Amino acid sequence: MSLSAGPQGAVPASRPAMHRYRTHRCGEPRSEHVGGTVRLSGWIHRKRDHGGLLFLDLRDHTGITQIVVHPDRPFFAEAERLRLESVVSVTGRIVARTPETVNPTLATGEVELVADALELLSAAEPLPLVVNTEREQPEELRLRYRFLDLRREVMQRNIRLRSAVIRTIRRLMHEQGFTEFRTPILTASSPEGARDFLVPSRLHPGKFYALPQAPQQYKQLYMISGFDRYFQIAPCFRDEDARADRSPGEFYQLDVEMAFVTQDDVFAAIEPVMVGVFEEHKQPGWTVSPAPFPRLAYDEALLRYGTDKPDLRNPIRIADVTELFRGSDFKVFANAIEQGAVVRAIPAPGAVGRPRSFFDGMVAFAQSLGAPGLGWIALEPAGARGPVAKFLGEERLAKLREVAGLATGDAVFFACAKPAEAAKLAGAVRIELGKQLDLLEKKTYRFCWIVDFPMFEWDEEEKKITFSHNPFSMPQGGLEALSTKDPLEIKAYQYDIVCNGVELSSGAIRNHRPDIMEKAFAIAGYGREELERRFGGMLRALKYGAPPHGGIAPGLDRIVMLLADTPNLREVTAFPLSQRAEELLLGAPSPVTEKQLKELHIMLDHVAREKLREEAERAAAARAAEASGAAEGAGG
RNA sequence: GGGGACGUAGCUCAGCUGGUCAGAGCGCCGGCCUGUCACGCCGGAGGUCGCGGGUUCAAGUCCCGUCGUCCUCGCCA
């Protein structure tokens, strides 16, 4: 439907034919365009109707231009009726605004477009959510009407940021002599690791492809094939539950692998890429910690930060004070220590002035995490105060100050538990204190490497030794370590990059020796035969000349999330799945036909059939309710 | 699988210890308005208070269940 004589009618015949939709973008008009005839197309962002004069803010991805519609125009009445987010094409003259009507908040604010023709390209129904606001909108509606949500300025910025980050990564990787490769999406399920997404095979009844959790084996095969330096912006699929910083279903990694390298070579290759990307795309005023990044051993990270992904913006360092409490008058701790517990001190710098509710709140916080409680001491000028203070003599208090780095005016909390639990509790308290005391450095990206991860760990559930990370990692000390050391003592050439408490990537120097691999898998309980069956392809590849190699895989989505300074991956993902792994716009996952199932030799069990039936009923009821509501509305 | 938060008009929210509690702003519809830029003014429509059950003389309000969204523990080599 046209609101004017049509675009052609608006252009004098003497001018060269105008583009059907636009001569400029909505963010472009400037003073230099004054007097020119232009055509803009875009969405109606806002409307200000003065009756005798109508202003439309016309928006596209480049910005907004104010359109002025005068009442003598034949399309005036219909322009007044245009709903927000309708798509129109406007043709007219760019005119300078008078000084008092200039809008300095708009890039195009010195000019405006006086409409001579206006064509409605696509009418919008009343909106289910508000586009022209940064106000919060319900998550479900945002996902269901993602195309509207993505029109909002922040989302436009975030999605473009992702694209720009990828462009920079590709440039930096190519500059370092890396080549981009692809790897299969339909691949084989592998034991260990996350739950696979499975794809049934039509040609092979009863067999399944798996979507790759990461292109791990394929990138190693590229190395073995002699390609030397691989990278890929790689899609990864894991069927695990979501978190704010963990997309359900699928995510992307900057997947990297290098041949003939040591751990230091990998670090040296990836550090400039991370710094480069962050420097290039950080927001104004932010700083990036320079390379080389500090390296923390896994054990030390657990002790000093209570986590293997420490946020170095938080100045609090945890200290082990077990010996201070051993044999002390504080029997709760002293007795626990005899039972194998440790005590960790978490300093709370400058917390002495805090009200009692602060300390009680921290105790409650610890209890909410399952701890029996949380001891604390406040080092006031007049002396130590708090429930634990009276049990420590002057000597022990002095030692505590020294070990935990405390000064008068500080408080300190104590976590007492078995080492792993104590670390976890202390880590959580450290983070909470950082928040409550507002201790975190602002506008800073602080990177670090976590190195020397354990090769194996004890699986309490299965009562056996398992790989603690990547089973293809090279154990430090090689075959000899595997043969002579306590497996739980063996470290791997396994490392993570952490930035601001976010685990950005993990990587490893791989195990390229079949004999060492056989031994490592034996320790994790895989016999030769099973290893052959599950990793036969990989093992075979290692037997024909495999270069030493290693790599890393920074999470792309998390990088963009950090750069966008948002706590949630959905904010930097165009079409994310919901918490329950559903795509609410097109509707995935969805039921399939009997025919499709039959071709795949798949039968649904009664649980699945019942769920589908219930869901179909609910949907039908919802449709019926909507239909009757609509009928009433029409009748009234 | 466990724990938590939230769910009141299309959207953002208010609604206290159960008793004029069916409200506001924005949006929508109608009217007025020639310099606004979150335009303004007047009027109107719109709600099974997510759904189901219970307690009560009385339930957005209390209890139980359920659905949905999010956060989180488990899980994520």
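What you see is a predicted model, and the numbers here were worked out from it, not measured in a lab. Lettering of chains follows the sequences in order, A, B, ..., and the numbering in each one begins at 1.
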## Note on the structure
If pairing means Watson-Crick or G-U wobble with both distances under 3.5 Å, then the partner of B/G43 is B/C29

### Query
Just checking, is any N or O donor in the side chain of A/Gln220 or A/Tyr218 under 3.5 Å from an acceptor N or O on the other one?
no

### Task
Check whether any side-chain nitrogen or oxygen of A/Arg48 sits under 4.0 Å from OP1 or OP2 of B/C39, and answer yes or no.
yes

### Message
Given B/A38, B/U69, B/C37, identify the nucleotide with an atom nearest to the side chain of A/Asp57.
### Response
B/C37

### Summary
By nearest-heavy-atom nucleotide on RNA chain B, the more 5' of A/Val130 and A/Val68 is A/Val130

## Note on the structure
From the candidates B/G74, B/U36, B/U12, the one with an atom nearest any side-chain atom of A/Arg243 is B/G74

### Query
For B/C76, which nucleotide is its Watson-Crick or G-U wobble mate, given both distances must be under 3.5 Å?
none

### Task
For the residue pair A/Thr62 and A/Asp60, confirm or rule out a side-chain donor-acceptor distance under 3.5 Å.
yes

### Query
Yes or no on salt bridge (charged side-chain N to carboxylate O under 4.0 Å, His left out) for A/Glu457 and A/Lys464, after CA distance, side-chain angles and deciding distance?
CA-CA 8 Å; A/Glu457 65 189 17; A/Lys464 72 182 201 59; over 6 Å; no

### Query
Under the rule syn = chi within 90° of 0, otherwise anti, which is B/G53?
anti

Hey, what are the protein-to-nucleotides 27-34 of chain B N/O distances that come in under 3.5 Å?
{"unit_1": "B/C29", "atom_1": "OP1", "unit_2": "A/Arg83", "atom_2": "NE", "d": "3.3"}
{"unit_1": "B/C33", "atom_1": "N1", "unit_2": "A/His50", "atom_2": "O", "d": "3.2"}
{"unit_1": "B/C33", "atom_1": "O2", "unit_2": "A/His50", "atom_2": "O", "d": "3.4"}
{"unit_1": "B/C33", "atom_1": "N3", "unit_2": "A/Asp49", "atom_2": "O", "d": "3.2"}
{"unit_1": "B/C33", "atom_1": "N3", "unit_2": "A/His50", "atom_2": "O", "d": "3.3"}
{"unit_1": "B/C33", "atom_1": "N3", "unit_2": "A/Gly51", "atom_2": "N", "d": "3.1"}
{"unit_1": "B/C33", "atom_1": "N4", "unit_2": "A/Gly51", "atom_2": "N", "d": "3.1"}
{"unit_1": "B/U34", "atom_1": "OP2", "unit_2": "A/Gly52", "atom_2": "N", "d": "3.1"}

#### Entry: A/Ser578 side chain, from C-beta outward: closest of B/U69, B/C37, B/U72
B/U69

### Message
Under a 3.5 Å cut-off for both contacts, is B/A22 paired Watson-Crick or G-U wobble with anything, and if yes, with which nucleotide?
### Response
none

### Message
Just to be sure I understand the rule, does A/Pro128 reach a base, reach only the sugar-phosphate, or reach nothing, if contact means heavy atoms closer than 4.0 Å?
### Response
sugar-phosphate

#### Entry: Whole-Å distance separating the CD atom of A/Glu100 from the C1' atom of B/C37
14 Å

### Separation of the P atoms in B/U66 and B/C29, to the nearest angstrom
42 Å

### Query
Do NZ/NE/NH1/NH2 and the carboxylate oxygens of A/Arg142 and A/Glu571 come within less than 4.0 Å?
yes

### Task
Could you tell me how the ring of A/His50 sits relative to the ring of A/Phe55: parallel (under 30°), tilted (30 to 60°) or perpendicular (over 60°)?
perpendicular

### Summary
From CD of A/Glu139 across to P of B/U12 the rounded distance in Å is 12 Å

### Message
Give me the distance, rounded to whole Å, that separates B/C64 from B/A22 when you measure between the P atoms they each carry.
### Response
26 Å

### Message
Which nucleotide, if any, forms a Watson-Crick or G-U wobble pair with B/C49, using both distances under 3.5 Å?
### Response
none

### Task
Answer with yes or no whether A/Gln66 presents, from its side chain, a donor or acceptor under 3.5 Å of a partner atom in the base of B/U36.
yes

### Distance, rounded to the nearest Å, where A/Asp241 contributes CG and B/C71 contributes P
12 Å

### Task
Write down the distance between CG (A/Asp245) and P (B/C75), rounded to a whole number of angstrom.
16 Å

### Query
NA contact type, A/Thr98, heavy-atom cut-off 4.0 Å: base, sugar-phosphate, or nothing?
nothing

### Query
Out of B/U69, B/C37, B/C11, which nucleotide sits closest to the side chain of A/Arg135?
B/C11

### Message
Base, sugar-phosphate or nothing for A/Phe467? Non-hydrogen atoms, less than 4.0 Å.
### Response
sugar-phosphate

### Query
Is the phosphate of B/C71, meaning OP1 or OP2, less than 4.0 Å from a side-chain N or O of A/Asn568?
yes

### Query
Is the distance from OP1 or OP2 of B/G10 to the nearest side-chain N or O of A/Arg144 less than 4.0 Å?
no

### Task
Could you tell me the separation between the CG atom of A/Leu369 and the P atom of B/G4, rounded to a whole number of Å?
14 Å

### B/A14 to B/A9 separation - C1' atoms, rounded to the nearest Å
13 Å

### Message
Could you tell me the Watson-Crick or G-U partner of B/G60, where both distances fall under 3.5 Å? Say none if there is no partner.
### Response
none

### Task
Starting from C1' on B/C73, measure out to CD on A/Glu421 and report it in whole angstrom.
14 Å

### Query
With rounding to whole Å, what would you report as the distance between B/G46 and B/G25 at their C1' atoms?
15 Å

### Query
Whom does B/C6 pair with, Watson-Crick or G-U wobble, provided both distances fall under 3.5 Å?
B/G68

#### Entry: Inter-nucleotide P distance (B/U12, B/U69), Å rounded
16 Å

### Query
Is A/Asp452 paired with A/Lys491 through a side-chain N to carboxylate O contact shorter than 4.0 Å?
no

### Summary
To the nearest angstrom, the CD-P distance between A/Glu125 and B/C11 comes to 15 Å

#### Entry: Phosphate OP1/OP2 of B/C67 contacted by A/Lys611 side-chain N/O (<4.0 Å)
no

#### Entry: Under-3.5 Å donor-acceptor pair between A/Glu582 side chain and B/G68 base
no

### Message
Is it the case that B/U36 (base atoms only) and A/Arg46 (side chain only) share a donor and an acceptor within less than 3.5 Å, ignoring hydrogens and angles?
### Response
no

### Query
A/Phe467 and A/Phe472: aromatic ring centres closer than 6.0 Å?
no

### Task
Give the ring-plane orientation class for A/Phe197 versus A/Phe237, where under 30° counts as parallel, over 60° as perpendicular and anything between as tilted.
perpendicular

### Message
Rounding to an integer number of angstrom, what distance separates B/G23 and B/C63 when you compare their P atoms?
### Response
25 Å

### Task
Evaluate the criterion salt bridge (charged side-chain N to carboxylate O under 4.0 Å, His left out) for residue pair A/Arg570 and A/Glu139; output intermediate values, then yes/no.
CA-CA 10 Å; A/Arg570 286 187 305 278; A/Glu139 196 69 22; 2.7 Å; yes

### Message
Is A/Arg580 close enough to B/U69 that one of its side-chain N or O atoms is under 4.0 Å from OP1 or OP2 there?
### Response
yes

### Query
Mind checking the C1' distance from B/G15 to B/G47? Whole angstroms is fine.
14 Å

### Task
Scan A/Leu54 against the nucleic acid and name what it touches under 4.0 Å (heavy atoms): base, sugar-phosphate only, or nothing.
nothing

### Query
Between B/C71 and A/Gln579, is there an OP1 or OP2 to side-chain N/O distance shorter than 4.0 Å?
yes

### Message
Checking A/Thr466 against A/Asp459: is there a side-chain donor and acceptor pair closer than 3.5 Å?
### Response
no

### Query
Is there side-chain contact between A/Asp311 and A/Ile431, with heavy atoms separated by less than 4.5 Å?
no

### Query
Can you tell me how far P in B/C11 sits from the matching atom in B/G19, rounded to whole Å?
26 Å

### Task
Round to the nearest Å and state the distance from A/Arg142 atom CZ to B/C70 atom C1'.
12 Å

## Note on the structure
On RNA chain B, more 5' by nearest nucleotide between A/Pro567 and A/Arg246 is A/Pro567

